[in-house]
Amino acid sequence: MSRESRNATDTDLKNLTEAEKPAAGTGSGASRNRPPELTKVSANFVPRAIAALDVASEVTGDTRTDVLNRAVQFYAYLVKRAEEGMLIFVEDPKTGTKERVVFF
């Protein structure tokens, strides 16, 4: 996978030309019951990742699919910003303590 495709953000994805977009209803994700803008993906998860997925789903009230969609978009955004040299922090609103998030 190229570095560019790995770092696609929502804005990048919206800007794809018609020639770059996957054909609707093609590939292994095609289904009569699924709208053409959706693509089914299969992935293998370790138990720790499944536990995290379930926690996120319970906390947000979202389905696993919704959590995974948001997680991939958020990860792409963060990785792209980190590769641009941006520093990413989480801040405790009560204490103001900041912790830097580092990507491998």
Side-chain angles (χ1 to χ4, degrees):
M1 179 184 303
S2 74
R3 186 171 289 279
E4 272 186 333
S5 64
R6 191 186 88 188
N7 294 326
T9 64
D10 192 43
T11 302
D12 297 329
L13 297 175
K14 286 180 183 174
N15 293 331
L16 289 177
T17 66
E18 286 304 313
E20 295 171 315
K21 291 181 183 178
T26 61
S28 62
S31 169
R32 280 189 246 166
N33 299 326
R34 187 173 31 259
E37 67 274 1
L38 299 180
T39 301
K40 185 174 179 82
V41 176
S42 177
N44 298 313
F45 286 82
V46 296
R48 183 175 173 187
I50 290 297
L53 176 60
D54 289 339
V55 167
S57 182
E58 288 174 23
V59 169
T60 63
D62 293 331
T63 65
R64 282 178 161 187
T65 296
D66 289 337
V67 170
L68 290 170
N69 274 298
R70 289 181 186 182
V72 169
Q73 292 172 55
F74 187 58
Y75 180 74
Y77 171 80
L78 293 175
V79 170
K80 186 169 186 177
R81 295 304 173 261
E83 287 184 354
E84 292 170 350
M86 303 281 263
L87 302 178
I88 300 164
F89 294 87
V90 292
E91 181 177 350
D92 183 327
K94 293 180 183 175
T95 66
T97 303
K98 293 181 183 178
E99 180 180 341
R100 183 172 171 203
V101 178
V102 180
F103 293 93
F104 46 94

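Only heavy atoms go into these numbers, but all of them, side chains included; no hydrogens, no water, no symmetry mates.
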Determine the minimum heavy-atom distance between G96 and E91, stating which atoms define it.
-> CA-OE2, 3.7 Å
Could you state whether V55 and L53 fall into the same hydrophobic cluster, counting links through intermediate Ile, Leu, Val, Met, Phe, Trp or Tyr residues with side-chain heavy atoms under 4.5 angstrom apart?
-> no
Are there more than 12 heavy atoms of other residues, nucleotides or ligands under 6.0 Å from atom CD of E84?
-> yes
Would Y77 and V101 show up in the same hydrophobic cluster when neighbours are defined by side-chain heavy atoms closer than 4.5 Å?
-> yes
Hey, what do you get for CG (N69) to OG1 (T63), rounding to the nearest 0.5 Å?
-> 8.0 Å
Looking at NZ of K98 and CD1 of I88, how far apart are the two atoms once the value is rounded to the nearest 0.5 Å?
-> 13.5 Å
Say whether F74 and V90 are linked into one hydrophobic cluster, either directly or through other cluster members, by side-chain heavy-atom distances under 4.5 angstrom.
-> yes
From OG1 (T65) to CZ (R70), nearest 0.5 Å = 12.0 Å
Evaluate side-chain contact (heavy atoms from CB on, under 4.5 Å) for I50 paired with R64, printing each intermediate quantity in order.
-> CA-CA 10 Å; I50 290 297; R64 282 178 161 187; 3.6 Å; yes
